[in-house]
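Letters A, B, ... mirror the listed sequences (proteins, then strands); counts begin at 1. Since the model is a prediction, treat every value here as computed from it, not as a measurement.
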Protein chains: 2
Amino acid sequence: MALDELDRLILRALQKDARQTNRDLATAVGVAPSTSLERVRALRERGVIRGYRADVSLEALGRDVQAMISVRIRPPSRRNIEGFREWVSRLPETIAVFVTSGRQDFLVHVAVPDTNGLYAFVIDRLTQRPEVADVETSVVYEHRRVPAIEPARDRDRGGPATSRHDGAAP
Amino acid sequence: MALDELDRLILRALQKDARQTNRDLATAVGVAPSTSLERVRALRERGVIRGYRADVSLEALGRDVQAMISVRIRPPSRRNIEGFREWVSRLPETIAVFVTSGRQDFLVHVAVPDTNGLYAFVIDRLTQRPEVADVETSVVYEHRRVPAIEPARDRDRGGPATSRHDGAAP
DNA sequence: CCTGTTCTCCGAACAATATTCGGACGAGCT
DNA sequence: AGCTCGTCCGAATATTGTTCGGAGAACAGG
């Protein structure tokens, strides 16, 4: 299950552009096409790569406003939690659902056309569910995703969160 | 900028598997390969498709614990907000950053090997920044992403959040 | 109703790519 | 050294991407 540096390079390249040709990928990571192909196949079979997704612009779809909605479920029984999770996952405004511990039980990430849509989502949809005890809306000004693979550095595991990495250049 | 049903079918298909061959995509959406190819190119040039990303399993990377960390910045000046955003985006534990309105200024989505790593992230990293006034950690039990494209139904825009969609089948 | 225009879609030809497979090479072990 | 194991490579083949001319539908104006 260990990933060597070649695997990491491949994962990083495929997170930037999953649709580049295998030839380009091979060139980018410095091996022969047959090698990179075999590695990619292995990564998929091992479950390291779960799939490939198109990154669709929400703005281009006319959904310019994003929000993170904190939801508290009462009582937080398994039945209520799972029921709400399934229901909210199927709403067209929803783009992600986090089931969490802490102050709230859910964080629902939504994208809507405008602030009206946001308001409507909260008051027309969420508050109609009886198990929803409390709702708190935070508008998302910016959403930045970060690639999950580190530049190089062998072995990421083992030293959790204590590696040198404090913003100041050494 | 309007998307017809064929565009939507293509976007949906590419969100499920962005690496399927153009032939398969064409078959799936019911057109000739040359047609789907042209549509996909147009969608990319229009910015509807921003790119293609490999979906990498965090568990396979040994990062089994996820959390959403709510951070309040004081004072919330532009300098502080942007400084913190850049800094936290570069931490290896960070997988997403939301800049928000509301109780907190940031929601930081992190993935770490274990709860120790989570604790270390908060007390070793976050609280070392002087502008961080308050931190609240929520463990993420489950993170579900939802495809951003609706099944079919012409025109998504115009009727924000008021479409029929309440879980109960008609 | 006809005609010209525009747009979308198609299918075949060509260029490029993915995929397979036998073997070379080096590391590690006895 | 001799052996085994694993990785990587390069050429051959099958599959795919890409281009382009033209057919057909939808539409507006006469």
Side-chain angles (χ1 to χ4, degrees), chain A residues 1-57 60-62 149-158, chain B residues 1-57 60-62 149-158:
Chain A
M1 172 52 68
L3 302 179
D4 63 12
E5 191 170 325
L6 179 54
D7 289 323
R8 287 174 177 278
L9 284 171
I10 288 173
L11 288 175
R12 266 166 57 81
L14 289 181
Q15 287 203 330
K16 279 196 296 191
D17 179 9
R19 260 206 151 178
Q20 62 190 299
T21 67
N22 184 55
R23 266 187 151 76
D24 292 344
L25 174 64
T27 302
V29 302
V31 295
S34 52
T35 302
S36 61
L37 190 75
E38 175 56 31
R39 289 298 191 110
V40 170
R41 174 164 46 200
L43 287 170
R44 265 226 316 219
E45 278 173 5
R46 284 198 284 166
V48 179
I49 296 176
R50 288 198 296 200
Y52 307 95
R53 316 260 174 263
D55 180 8
V56 176
S57 162
L61 298 178
I149 305 289
E150 280 294 279
R153 194 169 44 115
D154 234 19
R155 256 106 63 81
D156 192 333
R157 320 183 52 163
Chain B
M1 172 53 68
L3 303 179
D4 63 11
E5 191 170 326
L6 179 54
D7 288 324
R8 287 173 177 278
L9 284 171
I10 288 173
L11 288 175
R12 266 165 58 80
L14 289 181
Q15 287 203 328
K16 279 195 297 190
D17 180 9
R19 259 206 150 178
Q20 62 190 296
T21 68
N22 183 55
R23 271 185 149 77
D24 291 344
L25 174 63
T27 301
V29 302
V31 295
S34 52
T35 302
S36 61
L37 189 76
E38 175 56 32
R39 289 299 190 109
V40 171
R41 173 164 47 199
L43 287 170
R44 265 224 318 216
E45 277 174 7
R46 284 198 283 166
V48 179
I49 296 176
R50 287 199 295 201
Y52 307 94
R53 307 274 129 77
D55 180 8
V56 176
S57 163
L61 298 178
I149 304 290
E150 280 293 281
R153 193 170 42 114
D154 234 19
R155 254 107 64 82
D156 192 333
R157 319 180 56 161

| What integer distance in Å separates Arg44(A):CZ from dA18(C):P? | 13 Å
| said: Return whichever of Ala32(A) or Arg19(A) has its heavy-atom-nearest nucleotide of DNA chain D closer to the 5' end. | reply: Ala32(A)
| note | Note: Ala2(A) and Arg46(A) closest approach over all heavy atoms is O-NH1, 3.4 Å
| said: Rounding to an integer number of Å, can you tell me how far Leu37(B) CG sits from dT8(C) P? | reply: 16 Å
| task | Could you tell me the separation between the CD atom of Glu38(B) and the C1' atom of dT18(D), rounded to a whole number of Å? | result | 11 Å
| query | Between Asp55(B) and Arg44(A), is there a salt bridge with N-O shorter than 4.0 Å? | reply | no
| said: For a quick check of understanding: with a heavy-atom distance under 4.0 Å over all strands, which category does Leu6(A) fall into, base, sugar-phosphate or nothing? | reply: sugar-phosphate
| message | Can you measure Tyr52(B) atom OH to dG17(D) atom C1' for me and round it to whole angstrom units? | response | 13 Å
| task | Please report, rounded to the nearest Å, how far the C1' atom of dG17(D) is from the CD atom of Gln20(A). | result | 16 Å
| request: Ignoring backbone atoms, establish whether Arg39(B) has a side-chain N or O less than 4.0 Å from OP1 or OP2 of dC9(C). | output: yes
| field | Separation of atom CZ in Arg23(B) from atom C1' in dA16(C), rounded to whole Å | value | 13 Å
| query | Under 4.0 angstrom, heavy atoms only, what part of the nucleic acid is Ser34(A) near: base, sugar-phosphate, or nothing? | reply | base
| request: Provide, to the nearest angstrom, the distance between the CG atom belonging to Leu14(B) and the P atom belonging to dG17(D). | output: 12 Å
| On DNA chain C, nearest-nucleotide positions of Asp24(A) versus Arg41(A): which is more 5'? | Asp24(A)
| task | Answer yes or no: is there an ion pair linking Asp4(A) with Arg39(A), defined by an N-O contact shorter than 4.0 Å? | result | yes
| In whole Å, what is the span from the CG atom of Asn22(A) to the P atom of dA18(C)? | 5 Å
| task | Could you tell me whether the side chain of Leu43(A) reaches within less than 4.5 Å of the side chain of Glu38(A), counting heavy atoms only? | result | no
